[in-house]
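Written below as structure tokens is the structure these notes are about.
Labels below follow one simple rule: chain letters A, B, ... track the order of the sequence lines, proteins then strands, and each chain is numbered from 1. Here the structure is a predicted model, which is why all the values come from computation and not from measurement.
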Number of protein chains: 2
Amino acid sequence: MTTRWLSPEEQRAWRAYIASVALVEDALDRQLQQEAGMPHLYYSILATLSETPERKLRMTDLAEELKITRSRLTYAVTRLEKDGLVGREDCRWDKRGSIATLTEDGMRVLERTAPGHVETVRALLFDRLTPEQVGQLEEIFTAVSEGFQGEDARPTAEDVPWRRRSGKSCS
Amino acid sequence: MTTRWLSPEEQRAWRAYIASVALVEDALDRQLQQEAGMPHLYYSILATLSETPERKLRMTDLAEELKITRSRLTYAVTRLEKDGLVGREDCRWDKRGSIATLTEDGMRVLERTAPGHVETVRALLFDRLTPEQVGQLEEIFTAVSEGFQGEDARPTAEDVPWRRRSGKSCS
DNA sequence: TAGGTTTGTTTCAAACTTGAACCAAGCCCC
DNA sequence: GGGGCTTGGTTCAAGTTTGAAACAAACCTA
């Protein structure tokens with residue numbers, strides 16, 4: 001089939017998107033590196049753990065939630081563990097499993113740096129959009145994310161809150 | 001001042017955005033790694049050069065266009081040079097300058113892989129959006145990019161097409 | 001229940017990115 | 001016309017990411 005090139009409008013949208021993503025991620029990384037001594041992804045790991053009832057999540061679930069590879073997560077958690085911000089527990093029910101937990105120190109770092117982070121997100125993104133655009137943003141990227149179902153994501157939510165994927169739980 | 005936390009809607013938008021960006025970039029990187037043997041950024045370097053009348057651009061301008069650091073670009077161009085896809089020329093007017101040029105081989109790789117790339121971009125993004133949403137996407141990220149003016153971007157377009165920043169040209 | 005497959009996680013080497021430092025080369029101005 | 005500042009680019013070390021391979025435990029199934 002002959003290529004369906006992007007229309008001029010699509011091209012403009014694509015370019016604006018690509019440029020913005022780069023700029024926003026860089027700004028976010030720099031801000032968090034400054035304030036929290038870690039890049040955005042690492043902060044997100046802490047944040048994700050903190051939102052869980054017990055502040056723990058299995059590696060695979062955490063990786064899936066953050067849309068990153070397990071190997072990338074392993075590396076990141078190892079670093080955060082060295083910094084004392086997260087810990088690892090063995091999963092009692094599935095001896096293969098490893099559970100990342102947010103430590104008290106990790107929680108403190110998060111609480112200390114969250115306001116600055118949110119402020120940055122606002123400055124970079126939300127402050128520049130109208131309320132309608134915020135809604136549009138949500139719809140657009142919800143649609144985009146949904147395009148990936150099956151490759152990842154799976155059903156979700158399970159009996160044990162920090163264990164969201166397959167039917168089994170642990171710890 | 002007390003932190004302006006994100007509203008539930010803003011949070012949903014932010015999360016959907018973050019997740020989508022990760023998924024889209026990963027998919028794009030994988031696709032291009034497969035078809036072109038290089039990650040998305042490297043492909044973008046070739047693409048950007050190809051859109052220039054003479055298929056050459058000064059390093060700084062290229063970096064600015066792509067919103068990346070000069071050092072990152074230096075590394076990338078060095079790799080692409082090894083692969084024979086881009087070359088470096090000295091700038092005759094400003095002896096400090098270095099000009100990246102797209103080679104014939106580079107152009108061929110681009111032409112061969114562009115259709116697959118565009119198809120992927122469609123599959124990941126545009127095929128999932130309504131025409132109105134494409135327009136919204138453009139407006140949203142144009143607004144976001146504009147938030148960075150002054151930190152980068154500068155005036156643009158100059159007398160010599162592949163030299164877009166300061167008043168001088170070369171080669 | 002042994003053997004084979006799948007799943008959860010880590011490991012390893014190679015590739016890439018970051019930021020600070022460095023080296024020229026242009027510029028400015030007294 | 002010789003400092004001193006700025007700009008264009010590269011280099012270097014440290015940190016991060018990638019993808020494939022390695023392992024181990026769990027899960028079939030004959």
Detail all sub-3.5 Å separations between protein N/O atoms and N/O atoms belonging to nucleotides 18-23 of chain D.
{"unit_1": "D:dG19", "atom_1": "O6", "unit_2": "A:S71", "atom_2": "OG", "d": "3.0"}

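Rounded to whole Å, the distance from CG on A:L62 to P on C:dT10 is 11 Å. Distance CG (B:L32) to C1' (C:dC16): 16 Å, rounded to an integer number of Å.
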Which atom pairs, donor and acceptor, lie under 3.5 Å between side-chain atoms of residues 14-28 of chain B and protein residues at least two apart or in another chain?
{"unit_1": "B:R15", "atom_1": "NH1", "unit_2": "A:E51", "atom_2": "OE1", "d": "3.4"}
{"unit_1": "B:R15", "atom_1": "NH2", "unit_2": "A:E51", "atom_2": "OE2", "d": "3.1"}
{"unit_1": "B:R15", "atom_1": "NH2", "unit_2": "B:Q11", "atom_2": "OE1", "d": "3.0"}
{"unit_1": "B:S20", "atom_1": "OG", "unit_2": "A:F141", "atom_2": "O", "d": "2.9"}
{"unit_1": "B:S20", "atom_1": "OG", "unit_2": "A:S145", "atom_2": "OG", "d": "2.9"}
{"unit_1": "B:S20", "atom_1": "OG", "unit_2": "B:A16", "atom_2": "O", "d": "2.8"}
{"unit_1": "B:E25", "atom_1": "OE2", "unit_2": "B:H40", "atom_2": "ND1", "d": "2.9"}

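A:E81 meets the salt bridge (charged side-chain N to carboxylate O under 4.0 Å, His left out) test with A:R88; sequence neighbours excluded. The side-chain hydrogen bond (donor to acceptor under 3.5 Å, both in side chains) check on A:S50 picks up nothing, with sequence neighbours excluded. Applying the side-chain contact (heavy atoms from CB on, under 4.5 Å) rule to B:Q34 yields no partners; only residues at least two apart in sequence or on another chain are considered. In this view, A:R128 satisfies the salt bridge (charged side-chain N to carboxylate O under 4.0 Å, His left out) rule with no residue, not counting sequence neighbours.
Nearest to the side-chain atoms of B:R58 among the listed nucleotides D:dA25, C:dC16, D:dG9 stands D:dG9.
When only modelled atom types and interatomic distance are considered, A:E9 and A:S7 share no side-chain donor-acceptor pair under 3.5 Å.
When each of A:Y42 and B:R88 is assigned the nucleotide of DNA chain D with its nearest heavy atom, B:R88 is the one assigned upstream, toward the 5' end.
Backbone-only engagement by B:S98 is indicated by non-hydrogen atom pairs under 4.0 Å involving sugar-phosphate atoms exclusively.
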